[in-house]
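Everything quoted here is computed from the prediction, not taken from an experiment.
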Amino acid sequence: CGITGDSGFMMAFQPFARDVATVPVFMSSMVQSPMISVAYDKYDKVLILTANSKTLLPQKNVLLSECGFDVDDDRFVIEGCQDVPGFDAVARGDRVDVEYVTPGIVKKVTTLLANQPQIRAILLECTE
């Protein structure tokens with residue numbers, strides 16, 4: 001049993017939830033970043049797929065203090081889906097049409113993997 005969240009932006013609440021909870025608290029999948037990075041060679045990369053990379057990066061101090069990883073570490077490739085057709089629904093607070101956005105996300109990831117073959121793991125963060 002535990003408490004989970006699905007957005008890196010929820011990491012701002014991690015210390016508060018942890019202080020009052022009697023079960024483990026994972027407010028974002030980002031808490032897995034250090035564990036994923038040590039599972040691979042130091043030259044391997046981890047792709048973090050997020051709803052919007054431009055809005056995630058300003059959260060780097062919270063992510064470092066609460067997740068234990070540095071978003072400026074070049075092992076982490078942070079890629080936003082804000083340019084994927086249909087993914088703008090996240091910014092509007094609407095439901096994402098998964099069937100519609102899937103081809104765009106697959107194309108984005110396929111291109112990233114072709115251009116950066118050292119990516120060995122993919123972490124989904126706030127991607128619905």
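The side-chain heavy atoms of Q82 and T55, taken from C-beta on, include no pair separated by under 4.5 Å. Within the 4.5 Å cutoff, the side chain of K108 has heavy atoms near those of the D83 side chain. A heavy-atom distance below 4.5 Å is found between the side chains of I105 and F87.
Under a hydrophobic-cluster definition in which Ile, Leu, Val, Met, Phe, Trp and Tyr are linked whenever side-chain heavy atoms come within less than 4.5 Å, directly or via other members, M35 and L47 are assigned to different clusters. Tracing side-chain contacts under 4.5 Å through hydrophobic residues (I, L, V, M, F, W, Y), one never reaches V106 starting from V84; they form parts of separate clusters. In the hydrophobic clustering of this structure, Y100 groups with L124; members are Ile, Leu, Val, Met, Phe, Trp, Tyr whose side-chain heavy atoms approach within less than 4.5 Å, directly or through other members.
Nearest heavy-atom pair, S37 versus P34, reported as atom, atom and distance to 0.1 Å: OG-O, 2.9 Å. Of all the heavy atoms in C1 and P24, the pair that sits closest is O-CD, 3.3 Å. Taking all atoms of both residues into account, the shortest heavy-atom contact from M27 to I3 is SD-CG2, 4.3 Å. Closest non-hydrogen pair, V77 versus Q116, comes out as CG2-OE1, 3.6 Å. In plain terms, the two heavy atoms of P85 and V101 that are nearest each other are O-CG1, 3.4 Å.
Atom CD1 of I119 and atom CZ of R75 lie 12.0 Å apart (nearest 0.5 Å). D44 contributes atom CG, which lies 12.5 Å from atom CD1 of I36 (distance to the nearest 0.5 angstrom). Rounded to the nearest 0.5 Å, atoms NZ (K45) and CG (L112) are 12.0 Å apart.
For the side chain to side chain contact (heavy atoms under 4.5 Å, CB included) criterion with S33, the lone passing option out of V38, V46, I48 is I48.
Salt bridge D41/R120: absent, no basic N to carboxylate O contact under 4.0 Å.
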Using side chain to side chain contact (heavy atoms under 4.5 Å, CB included), reason through T50 and I78 one step at a time and then give a plain yes or no. CA-CA 7 Å; T50 184; I78 299 174; 4.1 Å; yes

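Side-chain polar atoms of S29 and E125 form no donor-acceptor pair below 3.5 angstrom.
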